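Data first, discussion second: the structure below is written as structure tokens.
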Amino acid sequence: MRYERQAAVMLIIKNGLILAVSRRDNPNMFGLPGGKKELGETIKETAIRECREETGVLVKDCIQFFERVAPPITPEGLPFYTYCFYALDWEGTPKNSEEGIVEWMFDSELTRTPEEGGKGAFADYNKRTLESFRKMYPDIVVFSTKNLTK
């Protein structure tokens with residue numbers, strides 16, 4: 001039996017900044033907290049669990065707003081599904097974990113690669129995720145460095 005390949009990430013916004021976590025193997029590359037689905041859990045449970053494990057933040061309520069399907073990497077392979085949830089209600093103080101460094105970031109830090117002056121581990125995915133989020137939630141402020149004035 002073949003199982004779908006699935007992962008989930010959580011978008012948490014506070015004061016216009018996005019909660020991000022570094023890659024375990026590269027503390028200079030960041031993405032949204034998340035990871036692979038475990039057997040027996042829903043994709044929403046995956047997003048909540050991974051966020052708690054990686055940041056210490058407990059998401060009490062969230063809603064899915066974006067889905068990406070990556071094609072199989074081999075002809076006999078399966079597509080990889082990534083679901084993004086927005087935290088409507090959460091509690092706790094973000095903290096570093098064995099998974100990585102936790103920081104509040106501007107969207108431009110996550111949507112650009114290091115070569116482009118950013119820190120995005122999955123810059124293109126982050127960009128498409130945030131574009132989708134802004135369409136669905138235009139009244140929620142997410143700062144980009146270009147929105148700031150001196």
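Keep in mind the model is a prediction, meaning the values are calculated, not measured.
- Residues V57 and G92 come closest through the heavy atom pair CG2-O, 4.4 Å.
- Taking OG1 from T111 and CE from M105, the interatomic distance works out to 11.0 Å, rounded to the nearest 0.5 Å.
- Follow the hydrophobic side-chain contacts under 4.5 Å out from F80 and you never reach M10; the two are in separate clusters.
- Note on V21: it does not cluster hydrophobically with M29, by side-chain heavy-atom contacts below 4.5 Å among ILVMFWY residues.
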Inset, instruction - Using the side-chain contact (heavy atoms from CB on, under 4.5 Å) rule, take F122 and R23 through it: C-alpha gap first, then chi angles, then the decisive distance, then the call. - result: CA-CA 10 Å; F122 305 100; R23 305 287 295 159; 3.5 Å; yes
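- Proximity of F66 to E131: side-chain heavy atoms (C-beta onward) are nowhere separated by under 4.5 Å.
- For the atom pair CD (Q6) and CD (E67), the distance works out to 9.0 Å, reported to the nearest 0.5 Å.
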Inset, instruction - Kindly indicate, with the supporting measurements, whether the criterion side-chain contact (heavy atoms from CB on, under 4.5 Å) is fulfilled by F85 and I63. - result: CA-CA 5 Å; F85 290 81; I63 187 167; 5.8 Å; no
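- The CG atom of D124 sits 8.0 Å away from atom CZ of R68, with the distance rounded to the nearest 0.5 Å.
- In this structure, L11 and F65 have side chains that are in contact, with non-hydrogen atoms separated by less than 4.5 Å.
- Taking the side chain as every heavy atom from C-beta outward, V9 and Y125 approach each other to under 4.5 Å.
- Rounded to the nearest 0.5 Å, atoms OG (S22) and NZ (K119) are 10.0 Å apart.
- No path of Ile, Leu, Val, Met, Phe, Trp and Tyr side chains, each step under 4.5 Å between heavy atoms, connects Y81 with I73, placing them in separate hydrophobic clusters.
- Separation of atoms CG (D89) and CG (D61) is listed at 6.5 Å; rounding is to 0.5 Å.
- Judged by distance alone, the side chains of S97 and E54 never bring a donor and an acceptor atom under 3.5 Å apart.
- For the pair R52 and I48, the minimum side-chain heavy-atom distance is 4.5 Å or more.
- Put simply, the side chain of R5 never gets that close to the backbone of P72: no donor and acceptor are under 3.5 Å apart.
- Contact detail for N126 and G31: the closest heavy-atom pair is ND2-CA, 4.3 Å.
- Ion pairing between K37 and E41 fails under the 4.0 Å rule for side-chain N and carboxylate O.
- Contact annotation: the side chain of Y86 approaches that of I140 to within less than 4.5 Å [non-hydrogen atoms, C-beta and beyond].
- The hydrophobic cluster containing I13 does not contain L58, counting ILVMFWY residues as joined when their side-chain heavy atoms lie under 4.5 angstrom apart, directly or transitively.
- Of the possible polar contacts, one joining the R112 side chain to the S108 backbone as a donor-acceptor pair under 3.5 Å is found.
- Annotation: side chain of I12 is in contact with side chain of C51 (closest heavy-atom distance under 4.5 Å).
- F30 and I101 make their closest contact through CE2-O, 3.4 Å (heavy atoms, listed as atom of the first residue, atom of the second, distance).
- The two residues L32 and L19 come nearest to each other via the heavy atoms CD2-O, 4.0 Å.
- Here the OG1-NZ distance, from T113 to K127, works out to 9.0 Å after rounding to the nearest 0.5 Å.
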